[in-house]
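Each chain gets a letter, A, B and so on, in the order the sequences are listed, and its residues count up from 1. All heavy atoms count here, side chains included; hydrogens, waters and symmetry mates do not. Keep in mind that this is a model prediction, so the values were computed, not measured.
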Amino acid sequence: MRIDSCFFCGRPAWPSKGITFMRNDGKSFRFCRSKCHKNFKMKRNPRKLKWTKAHRRNAGKEMVVDSTLQFAARRNVPVRYNRELVAKTVKAIERISEVRARRERVFYKKRMAGKRAREVASARKLVANNEHLLPRLRGSEKRRLAELAAEQGVSIEELEAEGLANMRSSKKTLAFGGEKQRLRVRTDGGVETITERAEVSLLGEDDDDNDDDEMDTD
Amino acid sequence: MTWKDIPPVPTSQEFIDIVLSRTQRRLPTQIRAGFKISRIRAFYTRKVKFTQETCSDKFSMIVSSFPILTDQHPFHRDLMNILYDADHFKVALGQVSTARHLIETISRDYVRLLKYSQSLFQCKQLKRAALGRMATLIKRLKDPLLYLDQVRQHLARLPDINPTTRTLLVAGFPNVGKSSFVRSVTRADTPVEPYAFTTKSLFVGHLDYKYLRYQVIDTPGILDHPLEEMNTIEMQSVTALAHLRAAICFFIDISEQCGYSLKAQCNLFKSIKPLFANKMVFIVLNKMDIKAFEDLEPEMQAELNDLTKTGEVELLRASCATQDGVQDVKNRVCERLLVERVAQKLKAGTGSNGAMGSRLTEVMSRIHVAQPLDGIVRQTFIPEGVKNLKKYDKADPERRQLARDEEEANGGAGVFNVDLRRDYILDNPSWKYDRIPEVIDGQNVYDFIDPDIEAKLQALEEEEEKLEKEGFYESEEEEEDESEAEVLEKAEYIREKHRLIRNEAKMRKSLKNRAMIPRKAHKKSFAQLEDHLDQLGVDTEEINLRGRAREQPHTRGRPLPDRYAGREEEDPDAMDIDTRTPHQRVERSKSRARSVPATDRMNDGLTTMEDKTKIEKVRKLGQRKLNRMARQGEADRHIPASMPKHLFSGKRTMGKTNSR
């Protein structure tokens, strides 16, 4: 029994799952699911499909060059069973995957470095250009607040600022789900919990890097 | 040496016919009395010359096709001398050659005479005379030509004897069994009959010994009398004996059935002994089946032994009738002949000082005799265990236990399960029944198994340590700025807004076959205006919008239609209450000419009369060119193709429409 990697998408193809195509020149193609099989039959190039490992590796989204990746390999030299060797190997596998996960995290961080700065910059620009779209207090609301302020003896500005903030944030809670708890793994191995407001917008805008989320929550 | 391709020699009459008919065919007489004499002379001269040339060619061909005696091997020369008489042969060829010269002379003479001839008749007579004389000459050659043709026929039938190759020569009295021997050792079909001189000429057969070909020559019998008295048949044998460097097998019939006494046969051997000089001689005692050597009288035995005393002669025994000893004789003779010839060649190639000649060296260097395994003998190796193994016997209760026996003992086929693990060869036998992990955390364990995993893991740990030290894993946490968060929040709000605006615009965009109405012409209620201003943060109460609106005077000019001007339209579904003036009522009661479309396409979207006139102008301007050239316009009736061919036929790029 052996877990092959899918010929098309590169996911592990477990025994009893997927299908294997044997070409009549003897080459075998293992597919993890019918999706991959169908895409293969359509003669699609896995490198050009964003959802495959081949594409991600090709696009530099995944760690490709690393010493931890050298350990697993099909060696065509049969090794006789040795209890000590297997025990050592099993321990080594655990350690190697630990190290690999750690390096992958660093790789991801490096890849994502400066992303927030870019986001903020573009947001600033957007805000600067579209000031007129920001919420404003209605004329009638202003009048009401002014009256309220006069009644309660508080400054009008304070009340107005509060009202504005409410207007902006009230939009967000439109989406269902409310809060979302995320686990963030730090590079030193620790895990911290982050509570976030749901940012699921009603129209579901496509972000070009939405795959990044899955990396954070492993 | 063969003379099988000598062309036939024609008889004299045939010769004349050939020559004259060729002349007639090649140079037909195309001459008239009125021709110029020079032309006539030239023609007849040519004719005479042509005849002469043909004759000469033929004669020289005959002469050259026959072998020249002096160039032949002495054996062949002597053989021909005996068979055809060398003098006779030479004279015949000489006569032919002379005839050629004579014919040349005749033609030369007559060509000269033809130069002086005065008429056609004279020319013709001269030509006749010339050809006649040539024919007479040829006629005189009758006997030589006949003789030469016979010689030619005999030569073609002569056996192909190679005087230089390995040769066995069979000789002896007539009827002693020479031909039977040749018949039994070779493929030659020599005639064997029970009378003397069955073989009247030389016969050749071939045999193979040690992959080499030997030539066996069967000679006619020889009688014991002086050379001068010998006839042609015997002389052939003598010639062969004298000239061929062969192994001679002298056959002696010890049974004396041939009609000649043993004594006479011995005497013959002695008398032709001079011919055996420098040759290997074997005496073959034939017909041993009738009389054995031991049965002979002692003096005869002594006589025969006497012949072999010199040591050069060997005595062999055979019986051609029963084939006893025939092969032995053959093998013995061939073997000795081969050894002798090789020795002779070596001797010839070696100089007097013992050094090999260049040719011999070259031959010797090319010869390599391979010895298998350099002569080492290898013994078969049988392991001790196998040697001592007891032979398997089913009946023996002490026999070896086979896997089959084990199966039988444990429930037989279908029940017994072979324990494959038992035969595993591992470092520690106690590991045999270990459960070997195959998969851990979605990874194949076998892919990681590597004898030097420890070293590699160690290297990885060191690398890890190094990286740790270098600060590879340290990460600077991006501190969350308050103002940044606010900006992002604002940006998000704006994006949301954008999306809504876009959506709205999209919904507005679908015209649904209605005219595009300018914003200015849209109906907007006052409440809407007020709300919008309020949204923008203008306090409408403060600026007293409603009060100002009521004071607004009517716009000047033509009033807009109700639905554009913001006034309420009449409800089309409302009951028809008679609120009209009498004039209106009359108008309405009149019958309508035609139905009015629900939408006024001519005027929809137009606010002012100026617009309308402007549109009219533009339309006319656009139409002008089309009208001028009687082109098809958009008002013309047009029936488009329901299924344009180019859009529905042909194969598609990615398959279907029944692929490519």
Side-chain angles (χ1 to χ4, degrees), chain A residues 1-3 12 14 67-68 70-75 79-83 85-86 88-97 99 102-103 105-106 109 116-117 119-120 122-124 126-127 129-130 133-143 168-169 171-172 186-188 199 201-203 205, chain B residues 424-428 430-432 434 436-451 453-454 456-457 459-461 463-464 467 472-475 477-478 481 484 487-501 503 533-542 654:
Chain A
M1 194 188 78
R2 144 172 208 97
I3 302 165
W14 287 73
S67 55
T68 52
Q70 307 291 313
F71 282 88
R74 291 200 79 163
R75 297 171 182 82
V79 178
R80 208 165 255 173
Y81 171 72
N82 184 321
R83 191 185 279 174
L85 181 63
V86 171
K88 256 184 249 161
T89 308
V90 168
K91 272 211 191 88
I93 290 173
E94 279 159 16
R95 177 64 185 143
I96 290 160
S97 41
V99 171
R102 206 168 161 209
R103 290 191 181 173
R105 248 172 273 131
V106 171
K109 285 241 159 176
R116 189 177 163 85
E119 267 178 3
V120 168
S122 74
R124 271 189 218 288
L126 190 73
V127 171
N129 288 342
N130 297 282
L133 292 177
L134 286 172
R136 267 179 286 193
L137 281 180
R138 278 174 165 265
S140 52
E141 187 68 9
K142 271 188 197 162
R143 168 187 288 277
R168 279 207 302 269
S169 57
K171 286 273 174 191
K172 302 278 174 175
R186 291 199 300 269
T187 46
D188 56 6
E199 283 183 33
S201 63
L202 286 168
L203 286 160
E205 188 196 1
Chain B
Y424 277 9
I425 304 163
L426 298 176
D427 292 349
N428 188 341
S430 67
W431 295 343
K432 277 182 184 175
D434 279 5
I436 303 165
E438 285 180 276
V439 165
I440 283 178
D441 293 339
Q443 280 159 316
N444 295 309
V445 173
Y446 198 77
D447 284 357
F448 285 87
I449 285 181
D450 187 359
I453 181 101
E454 213 158 7
K456 285 185 180 172
L457 192 65
L460 180 71
E461 293 291 3
E463 192 190 328
E464 189 75 350
L467 288 174
F472 178 72
Y473 291 114
E474 279 162 25
S475 65
E477 285 292 319
E478 287 175 19
D481 195 355
E484 276 178 11
V487 166
L488 287 174
E489 195 186 24
K490 278 182 178 169
E492 185 50 41
Y493 181 83
I494 288 165
R495 283 195 197 107
E496 180 76 37
K497 207 76 184 171
H498 275 158
R499 259 175 259 138
L500 289 172
I501 291 165
N503 232 19
L533 280 172
D534 193 31
Q535 241 176 23
L536 291 176
V538 180
D539 194 350
T540 44
E541 269 178 50
E542 211 164 64
M654 278 296 285

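Only the backbone of B:V538 has a heavy atom closer than 4.5 Å to any heavy atom of chain A. Neither the backbone nor the side chain of B:Y424 comes within contact range of chain A, judged by heavy atoms closer than 4.5 Å. Contacts between A:L137 and chain B at a heavy-atom distance below 4.5 Å involve the backbone alone (N, CA, C, O). Heavy atoms of B:E454 lying under 4.5 Å from chain A belong exclusively to its side chain. A:R95 touches chain B through its side chain: at least one heavy atom from C-beta onward sits under 4.5 Å away, while N, CA, C and O do not. Heavy-atom distances place no part of B:L533 under 4.5 Å from chain A, backbone and side chain included.
The structure places NZ of B:K490 at 10.5 Å from CZ of A:R124, a figure rounded to the nearest 0.5 Å. Note that CG of A:L134 is 10.5 Å distant from CD of B:E489, once rounded to the nearest 0.5 Å. Distance check: A:I93 CD1 to B:I449 CD1 gives 7.5 Å after rounding to the nearest 0.5 Å. To the nearest 0.5 angstrom, B:E496 atom CD is 12.0 Å from A:L133 atom CG. To the nearest 0.5 Å, atom CG of residue B:D427 and atom CZ of residue A:R80 are 8.0 Å apart.
For chain B, the option among A:V90, A:T89, A:I96 with the highest count of heavy-atom pairs below 4.5 Å is A:T89. If you tally non-hydrogen atom pairs under 4.5 Å between each of B:I501, B:I440, B:L460 and chain A, the highest count goes to B:L460.
When all heavy atoms are compared, the tightest approach of B:Y446 to A:V79 is OH-N, 3.1 Å. The two residues B:D450 and A:L85 make their nearest non-hydrogen contact at O-CD1, 3.5 Å. Contact detail for A:V127 and B:V487: the closest heavy-atom pair is CG2-O, 3.8 Å. A pairwise comparison of heavy atoms in A:R75 and B:K456 identifies NH2-NZ, 4.3 Å as the closest pair. Smallest separation of non-hydrogen atoms from B:R495 and A:A123: NH2-CA, 4.5 Å. Contact between B:E463 and A:S67 at its shortest, heavy atoms only, is OE1-OG, 2.8 Å.
A donor-acceptor pair is defined here as one N or O able to donate and one able to accept, closer than 3.5 Å; no such pair exists between the side chain of B:D534 and the backbone of A:R138.
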Item to check | Derivation and outcome, side chain to side chain contact (heavy atoms under 4.5 Å, CB included), residues B:L467 and A:V106 | outcome: CA-CA 12 Å; B:L467 288 174; A:V106 171; over 6 Å; no

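At least one side-chain heavy atom of B:H498 sits under 4.5 Å from a side-chain heavy atom of A:N130. In this structure, the side chains of B:L488 and A:V120 come closer than 4.5 Å at one or more pairs of heavy atoms. Looking only at side-chain heavy atoms (C-beta outward), B:Y473 and A:R103 come within less than 4.5 Å of each other. Looking at A:R116 and B:E484, their side chains come closer than 4.5 Å, going by heavy atoms from C-beta outward. Between A:V86 and B:D434 the shortest side-chain heavy-atom distance does not fall below 4.5 Å. Taking 4.5 Å as the limit, some side-chain heavy atom of B:I453 sits within range of a side-chain heavy atom of A:F71.
The 12-atom threshold is not exceeded at NZ of A:K91, counting heavy atoms of other residues, nucleotides or ligands nearer than 6.0 Å.
Legend: salt bridge (Lys or Arg N to Asp or Glu O under 4.0 Å) pairs involving residues 437-448 of chain B, not counting sequence neighbours, sorted by first then second residue: A:R2-B:D447.
In this structure, a donor-acceptor pair under 3.5 Å is absent between the side chains of B:Q443 and A:S97.
With sequence neighbours excluded, the residues satisfying side-chain hydrogen bond (donor to acceptor under 3.5 Å, both in side chains) with B:D539 are A:R143.
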